[in-house]
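In what follows, a structure is listed as structure tokens, so that the remarks can point back to it.
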Amino acid sequence: MARCRGFTLVELIVVMAIVALLASIAAPRYLNSLQKGRETAMLQSLTTMRDAIDQFAADKGRYPESLQELVALRYMRAVPEDPLTASRETWVELPPPTDMQADGRVWDVRSGAAGRSADGRLYADW
């Protein structure tokens, strides 16, 4: 009579150890790629909003009062979500410098996210 043979406990432990080793190598790379993706998305959102602010200023001769005004006048479809904070409310609206003779309250926009990017710069400085 033929005897069915399965895997021994030692063989299963060796396979699990190999899988755990491979996972420990891949997981940090995966998490870093997620963070880089969020940073890229934030940079794109900042570029889009700054472009809309500049177009508004060129058309109206003044800066917008808020990001919502850009949406209301169709310069943007919606205020983008900050990918680092997962909120549309954390964008920091910067007024024009005092030496500029400009009307309006939004001259530039920055992220309200705390922390530093992968290259060491503060998110608030982007």
Side-chain angles (χ1 to χ4, degrees):
M1 188 164 29
R3 199 171 121 193
C4 293
R5 189 176 155 166
F7 294 106
T8 64
L9 182 61
V10 172
E11 291 171 329
L12 290 175
I13 290 174
V14 168
V15 168
M16 293 301 291
I18 292 170
V19 168
L21 177 68
L22 292 174
S24 70
I25 292 171
R29 291 178 187 226
Y30 173 70
L31 295 176
N32 285 342
S33 69
L34 286 178
Q35 185 63 22
K36 283 186 113 43
R38 285 187 200 105
E39 289 176 1
T40 302
M42 184 182 76
L43 191 57
Q44 181 61 42
S45 294
L46 286 170
T47 301
T48 301
M49 288 188 290
R50 288 172 177 161
D51 186 47
I53 291 168
D54 291 342
Q55 289 177 5
F56 181 95
D59 290 348
K60 307 289 184 187
R62 65 176 180 86
Y63 288 101
E65 295 298 318
S66 69
L67 293 176
Q68 293 302 328
E69 184 177 7
L70 293 173
V71 173
L73 295 175
R74 315 272 286 160
Y75 283 88
M76 295 188 306
R77 290 186 181 180
V79 176
E81 182 177 278
D82 186 338
L84 297 175
T85 61
S87 173
R88 288 180 164 81
E89 306 301 319
T90 57
W91 296 112
V92 177
E93 300 171 352
L94 299 175
T98 56
D99 60 342
M100 281 182 62
Q101 296 297 332
D103 294 331
R105 292 187 11 196
V106 182
W107 177 70
D108 195 10
V109 65
R110 303 269 169 97
S111 174
R116 295 184 177 273
S117 65
D119 63 0
R121 295 183 298 158
L122 290 172
Y123 291 125
D125 292 340
W126 283 25

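The model shown is predicted, which means the values in this text are computed figures rather than measured ones.
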Give a yes or no on whether Glu11 atom CD has more than 12 heavy-atom contacts from other residues, nucleotides or ligands under 6.0 Å away.
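Count over threshold, so yes.
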Is there a donor-acceptor pair under 3.5 Å between the side chain of [X] and the backbone N or O of [Y]?
X      : Y      : answer
Arg116 : Tyr123 : no
Glu93  : Leu67  : yes
Arg77  : Val71  : no
Glu39  : Ser117 : no
Trp91  : Leu46  : no
Glu69  : Glu65  : yes

Any non-hydrogen side-chain atom of [X] less than 4.5 Å from a side-chain atom of [Y]?
X      : Y      : value
Phe56  : Met76  : no
Arg110 : Trp126 : no
Leu70  : Ile53  : yes
Met42  : Pro83  : yes
Met49  : Pro80  : yes

Of all heavy-atom pairs between Ser24 and Pro28, which one has the smallest distance, and what is that distance?
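Where Ser24 meets Pro28 most closely, the heavy atoms are O-CD, 3.2 Å.
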Looking only at heavy atoms, what is the nearest atom pair of Glu89 and Ser87, with distance?
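Shortest heavy-atom separation between Glu89 and Ser87 comes out as N-OG, 3.0 Å.
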Treat each ILVMFWY residue as a node, draw an edge where side-chain heavy atoms are under 4.5 Å apart, and state whether [X] and [Y] are in one component.
X      : Y     : answer
Trp107 : Leu73 : yes
Val109 : Leu43 : yes
Val92  : Tyr63 : no

Give, for atom [atom1] of [X] and atom [atom2] of [Y], the distance between the pair rounded to the nearest 0.5 Å.
X     : Y     : atom1 : atom2 : answer
Thr85 : Arg38 : OG1   : CZ    : 11.0 Å
Arg50 : Thr47 : CZ    : OG1   : 7.0 Å
Arg29 : Ile25 : CZ    : CD1   : 8.0 Å

Salt-bridge contact Arg88-Asp82 (side-chain N to carboxylate O under 4.0 Å):
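No, Arg88 and Asp82 are not salt-bridged.
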Under 3.5 Å, is there a donor on one side chain and an acceptor on the other for Asp59 and Gln55?
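No, no side-chain donor-acceptor contact under 3.5 Å.
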